[in-house]
2 protein chains.
Amino acid sequence: MGRSKLPLLKIESLTNRQVTFSKRRNGILKKVYELSILCDVDVAIIMFSPSGRLTHYSRKRRIEDVLSELISLPDSERGL
Amino acid sequence: MGRSKLPLLKIESLTNRQVTFSKRRNGILKKVYELSILCDVDVAIIMFSPSGRLTHYSRKRRIEDVLSELISLPDSERGL
DNA sequence: TACTCTATGTATAAATG
DNA sequence: TCATTTATACATAGAGT
């Protein structure tokens, strides 16, 4: 998208990788927020940036609670 | 998007909510996958569907390991 | 219920400030 | 670096099967 199509490969330039991370992180967070509202569901997302910084988001519940629920499920009910 | 713009409100029809969830979940998973490759980062995402089913994804590491790292961080380093 | 189609809205790569 | 612009690619709402 944008002016040219990006191949699905690690972006070699650190600068470009950080710029792309920042833009796409924001896009994903927006989509996650919309999904949680439109469908009234819990979504939790955790992202580590190229420099190791953390971003996480969870709308309805504390992220630890979502994670606890996940970890407590048997493998067969963990979906994908 | 699509033929008309959706207002950012809970979709009242259960059928439409499930259809929208399914489409958007796939879109978000694709974006998360692309981000993890392009920027070579860890991303973990957990979603509960309108009917309570779970979808989660984490590319580089087991999701439990990503979550453990998050939980172990002090609040001041947890980002967003 | 789960496809496909496609018009339309959105995200974003690269350029620019 | 960081914000804005804009051309282009992508996602998706609703319709049709």
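Below, chain A is the first sequence line, B the second, and so on; all start at residue 1.
- Between the side chains of Ser51(A) and Ser49(A), at least one donor-acceptor pair of N or O atoms lies under 3.5 Å.
- Side chain of Ser22(B) to backbone of Val19(B): no donor-acceptor contact under 3.5 angstrom is found.
- The distance from the CG atom of Leu14(A) to the CD atom of Gln18(A) is 4.0 Å, given to the nearest 0.5 Å.
- In this structure, the CZ atom of Arg17(A) is 18 Å from the P atom of dT12(C), given to the nearest Å.
- Per the geometry, CG belonging to Leu8(B) stands 11 Å off P belonging to dT10(C), to the nearest Å.
- Residue Phe21(A) contributes atom CZ, which lies 12 Å from atom P of dT12(C) at whole-angstrom precision.
- Residue contacts shown for Lys5(A) are limited to sugar-phosphate atoms, with no base heavy atom under 4.0 Å away.
- Protein atom CD of Gln18(A) is 14 Å distant from nucleotide atom P of dA3(D), rounded to whole Å.
- Atom-to-atom, CG of Leu6(B) to C1' of dT10(C) comes out at 13 Å; the value is rounded to the nearest Å.
- Under 3.5 Å, the side chain of Lys23(A) and the base of dA11(C) form no donor-acceptor pair of N or O atoms.
- Look at Ser4(B) and you won't find any side-chain N or O under 4.0 angstrom from OP1 or OP2 of dA13(D).
- Residue side chain Arg3(A) reaches the base of dT6(D) through a donor-acceptor N/O pair under 3.5 Å, judged by distance alone.
- Residue contacts for Thr20(A): at a heavy-atom cut-off of 4.0 Å it reaches the sugar-phosphate backbone alone, with no base atom in range.
- For the pair Leu35(B) CG and dC10(D) C1', the computed distance is 16 Å after rounding to whole Å.
- Atom NZ of Lys30(A) and atom C1' of dT12(C) are 12 Å apart (whole Å).
- Panel note: side chain Thr20(A), backbone Asn16(A); a donor-acceptor pair is recorded below 3.5 Å.
- A straight line from CG of Leu38(B) to C1' of dA13(C) spans 11 Å, rounded to a whole angstrom.
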